[in-house]
Amino acid sequence: QVQLVESGGGLVQAGDSLRLSCAASGRTFSSYAMGWFRQAPGKEREFVASISMNGVKTSYANSVKGRFTISRDNAKNTVYLQTNSLKPEDTAVYYCAAAYTVGSYYTASLSYEYTYWGQGTQVTVSS
């Protein structure tokens, strides 16, 4: 069982930055690939970024590539999402998720691959 708690969301202006954090409970955090998803009002949840269990491999949605960076600290059981150059279209609830994998370098981009989900943190970007 893994419990995930996101933090760091807020209301910012276009061009600003935010760092989202996701703290995980449990001693097996390093066994999970981690991901960030987001869901805007009236839209389906979409993949944002993923990081392998060893932190070496990352993957991103095209819409955030070059602006967002995912990282993890396995000693702190925490995964981060640094969001830069925010745009109004980045406005959404951001969710952290954990996917149990057997590959140290595997990143997961599909929501059904993820077993555990956090409650989400709201990011609102004004123009």
For residues Tyr114 and Phe37, establish whether the separation of their ring centroids is below 6.0 Å. yes
Let me check something: do Ile51 and Met53 share a hydrophobic cluster, defined by ILVMFWY side-chain heavy atoms less than 4.5 Å apart, either directly or through other members? no
So do the side chains of Arg38 and Ser63 get within less than 4.5 Å of each other, counting heavy atoms only? yes
Co-membership, hydrophobic cluster, residues Trp36 and Phe68, 4.5 Å side-chain: yes
For Arg67, the salt bridge (Lys or Arg N to Asp or Glu O under 4.0 Å) test, sequence neighbours excluded, returns Asp90
Rounded to the nearest 0.5 Å, what separates atom CD in Gln39 from atom OG in Ser111? 10.0 Å
Quick check: does any side chain N or O of Asn54 sit under 3.5 Å from a backbone N or O of Ser104, one acting as donor and the other as acceptor? yes
Do the side chain of Thr121 and the main chain of Glu6 share a donor and acceptor less than 3.5 angstrom apart? no
Would Thr124 and Gln122 count as a side-chain hydrogen bond (donor to acceptor under 3.5 Å, both in side chains) here? Give the steps. CA-CA 6 Å; Thr124 303; Gln122 176 71 47; 3.3 Å; yes
Is it the case that atom CD in Gln3 sees more than 12 heavy atoms from other parts of the structure closer than 6.0 Å? no
Looking at every non-hydrogen atom in both residues, tell me the closest pair between Val2 and Ser25 and how far apart they are. CG1-O, 3.8 Å
All heavy atoms of Leu4 vs all of Ala98, minimum pair found to be CD1-N, 3.8 Å
Are Trp117 and Tyr94 connected, step by step, through hydrophobic side chains (Ile, Leu, Val, Met, Phe, Trp, Tyr) whose heavy atoms are closer than 4.5 Å? no
Under a 4.5 Å cut-off applied to non-hydrogen side-chain atoms, are Ser17 and Gln82 in contact? yes
Would you kindly confirm whether Val64 and Phe47 end up in one hydrophobic cluster when ILVMFWY residues are joined by side chain heavy atoms under 4.5 Å apart? no
Applying side-chain contact (heavy atoms from CB on, under 4.5 Å), run through Val125 and Asp16 and close with a yes or a no. CA-CA 8 Å; Val125 185; Asp16 285 350; over 6 Å; no
Can you spot which of Val48, Ile70, Val123 makes a side chain to side chain contact (heavy atoms under 4.5 Å, CB included) with Leu20? Val123
When rounded to the nearest 0.5 Å, the distance separating CD of Gln119 from SG of Cys96 is 11.5 Å
What heavy-atom pair brings Ala14 and Ser127 nearest, and what distance separates the two atoms? CB-CA, 4.4 Å
Would you confirm whether Ser52, through its side chain, and Lys57, through its main-chain N or O, come within 3.5 Å as a donor-acceptor pair? yes
Parallel, tilted or perpendicular, as decided by the 30° and 60° cut-offs, for the rings of Tyr100 and Tyr32: perpendicular
Show your working on side-chain contact (heavy atoms from CB on, under 4.5 Å) between Leu81 and Thr69 and close with a plain yes or no. CA-CA 6 Å; Leu81 186 68; Thr69 302; over 6 Å; no
Phe29 and Asp73 have their tightest heavy-atom pair at CE2-O, 4.1 Å
Can you check side-chain contact (heavy atoms from CB on, under 4.5 Å) on Arg72 and Thr78, steps first, answer last? CA-CA 6 Å; Arg72 66 189 297 163; Thr78 303; over 6 Å; no
Backbone N/O of Met34 and side chain of Ser50: donor-acceptor pair under 3.5 Å: yes
Face-on cation placement of Arg19 at Tyr80 ring, 6.0 Å and 45° thresholds: yes
